[in-house]
Amino acid sequence: MVKSLKIGVLASQGAFIEHIQTLEKLDVEAVPVRLPGELDELDGLIIPGGESTTISKLMIAYDLMDKISAMARKSLPVFGTCAGLILLARHITGNGVPSLALMDVTVNRNAFGRQVDSFETDLAIPAIGKKPFHAVFIRAPLIERVEKGVDVLASLKDGTIVAARQGKMLAAAFHPELTDDTRFHEYFLDIVTGKA
Ligand code: GLN
């Protein structure tokens with residue numbers, strides 16, 4: 001697909017390998033990011049799912065928080081999945097963590113509770129095409145509120161918002177890297193190249 005793109009995947013903790021594999025399937029150069037220097041010359045960055053408390057701590061410990069924040073504010077497109085969504089959110093309810101605060105959304109951590117904490121469902125996501133997207137939720141956060149400038153991309157049947165976009169920021173409460181459907185990643189690449 002887009003041969004010349006270089007996308008970083010934050011590799012402090014969590015499901016980063018699956019994102020790298022998905023990007024490689026799309027013929028994109030995917031590089032794990034653990035140190036600030038590895039952010040240079042990226043066309044985009046993915047923040048994976050995992051444990052947001054741990055990822056946040058490691059981002060602070062390795063001086064990644066301020067640099068990612070500054071680069072994103074300048075123009076770097078960032079895509080967060082699950083814990084990555086939490087780290088993109090400006091407001092977090094239920095055990096907040098220090099975040100990048102790049103998207104004007106309020107996210108509730110562990111919102112689905114422990115009993116129904118993991119589930120799969122087919123979602124309508126018009127931005128990526130007509131065919132429903134099979135979404136895997138694992139101890140997922142949900143988006144409680146979006147402010148002006150944020151587009152809702154997908155919701156559950158009960159109206160719970162589970163994917164959103166604000167400018168070049170993209171976020172999903174589910175794990176698109178855990179299925180074979182690459183359309184959500186392709187959508188992020190279209191944001192990176194300015195096609196979407
Ligand atoms: N509930 C986790 C957190 O708060 C996120 C879960 C995930 O990324 N799969 O960090």
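Every number for a ligand or one of its atoms is a count from 1 in the order of the listing.
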Heteroatom proximity flag, Thr81 to ligand 1, N/O under 3.5 Å = no
query = Below 3.5 angstrom, do we get any N/O pair linking Thr53 and ligand 1?
reply = no
message = If hydrophobic clusters are built from ILVMFWY residues whose side chains come within less than 4.5 Å, do Ile17 and Val136 share one?
response = no
For Cys82, atoms of ligand 1 separated by under 4.0 Å from a heavy atom = 5 (C), 6 (C), 7 (C), 8 (O), 9 (N)
task = Measure the distance from atom 10 (O) of ligand 1 to every protein heavy atom, then report the residue, atom name and distance (to 0.1 Å) of the closest one.
result = Ser52 N, 2.5 Å
Electrostatic pair Asp40:Lys67 at N-O distance under 4.0 angstrom = yes
key: Cationic N near anionic O, under 4.0 Å, Arg109 to Glu51   = yes
ask   = For ligand 1, which atoms have a heavy atom of Gly49 less than 4.0 angstrom away?
value = 8 (O)
task = Please determine if Asp151 and Arg165 form a salt bridge, counting it only when a charged side-chain N lies under 4.0 Å from a carboxylate O.
result = no
Nitrogen or oxygen atoms of Ala140 and ligand 1 under 3.5 Å apart = no
task = Answer side chain, backbone, both or neither: which part of Arg109 comes under 4.0 Å from ligand 1, heavy atoms only.
result = side chain
task = Please work out whether the ring planes of His185 and Phe79 are parallel, tilted or perpendicular, with thresholds of 30° and 60°.
result = perpendicular
inquiry  = Side chain, backbone, both or neither: which applies to Ile86 and ligand 1 if a contact is any heavy-atom pair less than 4.0 Å apart?
reply    = side chain
key: Stepwise side-chain contact (heavy atoms from CB on, under 4.5 Å) test for Val97 and Ile86   = CA-CA 8 Å; Val97 295; Ile86 297 170; 3.9 Å; yes
query = More than 12 foreign heavy atoms under 6.0 Å from CG of Asp122: is that the case here?
reply = yes
inquiry  = I need the atoms of ligand 1 closer than 4.0 Å to a non-hydrogen atom of His175, numbered in the order shown.
reply    = 7 (C), 9 (N)
task = Say whether Gly50, considering both its backbone and side-chain N or O atoms, lies within less than 3.5 Å of an N or O atom on ligand 1.
result = yes
